[in-house]
Amino acid sequence: MNAPLLARAVPVQGCDAPPVLRERGQREVFCGLTGIMWLHRKIQDAFFLIVGSRTCAHLMQSAAGVMIFAEPRFATAIIEEKDLAGLADANAELDAVVTRLLERRPDIKLLFLVGSCPSEVIKLDLSRAALRLGQRFAPQVRVLNYSGSGIETTFTQGEDACLTALVPTLPAEPAGSEKSLLVVGVLADAVEDQFRRLFRAMGIERVAFLPARRAGEMPAVGPDTSYLLVQPFLGETARALENRGAMRLAAPFPLGAEGTTGWLRAAANAFGVTDAAFEAAIAAPRERANRALEHSRAALAGRRIFFFPDSQLEIPIARFLHRELGMELVEVGTPYLHKDHLAADLALLPAGVQLSEGQDVDRQLDRCLAAAPDITVCGLGLANPLEDRGLTTKWAIELVFTPIQGFEQAGDLAELFARPLNRRAALEV
Amino acid sequence: MHLTVWTYEGPPHVGAMRVATAMTDVHYVLHAPQGDTYADLLFTMIERRGKRPPVTYTTFQARDLGGDTADLFQRAAHDAFERFRPAAMLVGASCTGELIQDDPAGLARALGLPIPVIPLELPSYQRKENWGAAETFYQLVRNLAGPHMPKPGVAKPAREPGKRPSCNILGPTALGFRHRDDVRAVKELLASLGIDVNVTAPWQASAADIARLGQADFNVVLYPEIAGLAAQWLKRSFGQPVVASVPIGVGATRDFITEVARLASVDATAVLADETSRLPWYSRSVDSTYLTGKRVFIFGDATHAIAAARIASEELGFKVVGLGTYSRELARDVREAAARLGLEALITDDYLEVEAACAALQPELVLGTQMERHIAKRLGIPCAVISAPVHVQDFPARYSPQMGFEGANVIFDSWVHPLMMGLEEHLLGMFRDDFEFHDGAGSSHLGHGKPSLRGGVADEATQGDVELDAGLLRSARNDGEVALADRPLVLTWAPDAELELKKIPFFVRGKARRNTETYAGERGISPITVETLYDAKAHFGR
């Protein structure tokens, strides 16, 4: 249907790899700072100090949707005209801001200095600042830095950058230690606990999660660590872990019953769990997941879905919606396609599916409107304008703020897509 | 460097977006990094717009910085022109775009587009949203209406006899607090006076409309923060007088009608006689007696804060105990309004300072922005929203203006409903020992979410909360500025006085405690006895 507009599709290596449309133009996506929204909830004694502009502060306030008045553990040190006049001054100002902050927040154990577009462009060296401030406040507070700037990170890559900064600080697990499993990526605490129980039921006892809920409880890593990614956007974190000797277990991402089974299976294989033990551990929750999916199947089966790029979760979610709920994939856009980490998910996509990487939002809107999908997954800036054109949409951001991983959440994930369709069907005006 | 969590205003390019988005055929090309597109959602989500803002962002990334970002800008501008075919284009940079110094103005000029291209210089590290909106509107007006300016020394021709007077309505933008409804309210007022509206701008105006602003006899400025600059220029260039009154409240609406009628040479007697607001009568109704002297804290943009102070003191009989604004550009006006009420204005864009002031003053009603709504909620004080920054709730489905006589009706309802009704207050006093009216029951109008002993005032339970949650409040400022945390409580209460205090309805108990302690503190009385309590009551009156 949208074939005439796909002239720029370029085949990628391999005969069965789906074609990827690579686009460069206006990108309607968040920057990496937005990740602070969920990172600061997860690491309960960490503080995220953005060194940026009024725009950064305004983004955080707008992306939060509401002003959460409970005092958040993030803030912006807004660069002002006088800071731009001389860099030495900016460093002194930053030190003063941090000193005041830490004096009054003795509960903070881990401080992230988060770089932004302006701090990157004026080359304010936050790694040196982190070193300097880390020495001053050791051992009470560890100070790390990463960039959440839009010029370097797209939305969820902010989490990748944050975890990458954490990896060198993880305790070392000496070679020859008992084999351990590290689960990497922010999960809701409830989901983390579910996975911990499943691993225990399979007999895998040495399981840790990165990031931990508290700064002082970050897991050890070493050559006997195998790690499983829970998120597809953790490319740099993976690289850093491998530098520490850890080994990645290839798996589909734990979305839906099939994805979760495959993800757990990768751990089971690596840890020598017998088929019987594996089945015994997962049979009941997998069955529950399949049952939960039934509620949304009628709404979703056979419906056509279009993904605008947002979180990098698009490909595993598309795989789930296609294989477990029978949805038809019109276009699956993603800001960045990590072929290695997504290999298992890509292999499960239907032949010939249209993937796109990067964005030219106006051209993509043309394709979307021409294709007239039943449901479109997109950012908040596009959702109402598409609804106004008669399209049903699903806000992509909900997919990163809602617990969706694992068996018990498979039904919730499906329901996120079924609800807008059911709603549209229910409305008579 | 300035540490903040929440801000009253966005960066100045968001102000420019509010102007561009309000208009029908202007496109804004913004040199900005990936991520700055978040600003679109302000319009599509908060204001529920069905169209994307007319903004093209270059969304450059690190890899572009090594290459040619200037070329990227030119391509974006060119593509935007081809795709959207605007009648005029605004070009500029966001905070990061400003740092890379690509000169969007020169680059856009070099494209030779067949439409007016208006460069915007919005210094992001000095200025904020409202300033950006004002500057953008001014540049649009200068560039588009400028060519039609009469020659210097040529007087404005008198209106032809028999021709109806006309004016422009200036200032309403996208994402403004009730701008949509204020425009309708003011248009109705003007129509009732027999005055035509030449152009409303930027709200739903086209570039061609801006070009013919000079045809009106005078200008009505609804929001001086946004249109003041442009109106002054129009006054100088086209000899168009500016209406200084902003018609928020009954008195201000009467002033507005009188001023407009004078400028338009029309007779306003009939319109003034036919005043439709219920506010004056409702305010005189005996049920409103309980409103007398209610302590009110007001904070917002300058226009709405000044108007609120007047309504509160002159039309509802409240006592304004605090008045402030985040609009530094109009700080002088707010200081004058505060001085008239015997107050010193709070001029700040730090919400923590506002919170501290509010907590220290212990008002019975807060009139503020969404920030103050949160502050008030935390302090257990009723609140009504009077100003931007806006929230999705500030775009009600119904017609709900702030301006004109209908606006005064809306204001009466929305400020008074959060308060306890007069009769309700008496009943609570009468039945205070009844199980349904016990202290923990809270009051029906504050919702049922949590039973609240905090009923009215912030003296007891709230104080602890404020301190507990105020880590940032303290971190954000210099030492010793946190008044609320520093107040020593060295006075003790005799047990019988404490019991007597409990008999006072919970919603005035905090005030009674505070007054009694002030009274006792000044006289060095400790412990406080029943006698002291009643002595203080006699001393302070109500």
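A, B, ... follow the sequence lines: proteins, then strands. Residue 1 opens every chain.
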I want to know whether [X] and [Y] have ring centres closer than 6.0 Å.
| X | Y | result |
| --- | --- | --- |
| A:Tyr146 | A:Phe112 | yes |
| B:Phe60 | B:His31 | yes |
| A:Phe30 | B:Tyr38 | no |
| A:Phe74 | A:Phe48 | no |

Under 4.5 Å from any heavy atom of chain A, what part of [X] do you find: side chain, backbone, both or neither?
| X | answer |
| --- | --- |
| B:Leu65 | side chain |
| B:Arg49 | backbone |
| B:Phe84 | side chain |
| B:Ser94 | neither |

[X] versus chain B, the contacting section by heavy-atom distance below 4.5 Å:
| X | result |
| --- | --- |
| A:Val121 | side chain |
| A:Glu80 | both |
| A:Leu49 | side chain |
| A:Thr154 | both |
| A:Leu386 | neither |

Largest heavy-atom contact set with chain A, pairs under 4.5 Å, which of [options]:
| options | value |
| --- | --- |
| B:Asp40, B:Asp79, B:Thr96 | B:Thr96 |
| B:Gln61, B:Met1, B:Arg63 | B:Met1 |
| B:Arg52, B:Glu129, B:Lys128 | B:Arg52 |
| B:Met45, B:Glu98, B:Glu9 | B:Met45 |
| B:Val14, B:Thr59, B:Thr58 | B:Thr59 |

Greatest number of heavy atom pairs closer than 4.5 Å to chain B - which of A:Pro118, A:Ala57, A:Cys31, A:Gly379: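 Maximum pair count with chain B is reached by A:Pro118.
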
Largest heavy-atom contact set with chain B, pairs under 4.5 Å, which of A:Arg389, A:Arg54, A:Glu152: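 Going by pairs under 4.5 Å, I would pick A:Arg54.
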
Backbone of A:Asp310 reached by a side-chain donor or acceptor of A:Glu314 within 3.5 Å: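 Looks like yes, one N/O pair under 3.5 Å.
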
State whether a side-chain donor-acceptor pair under 3.5 Å links [X] with [Y].
| X | Y | value |
| --- | --- | --- |
| B:Gln126 | B:Trp131 | no |
| A:Glu28 | A:Gln26 | yes |
| A:Ser127 | A:Asp125 | yes |

Any B:Val366 side-chain heavy atom under 4.5 Å of B:Leu379 side chain: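 No, too far: nothing below the 4.5 Å cut-off.
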
Other residues, nucleotides, ligands: >12 heavy atoms within 6.0 Å of A:Trp395 CH2: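 Not more than 12 within 6.0 Å, no.
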
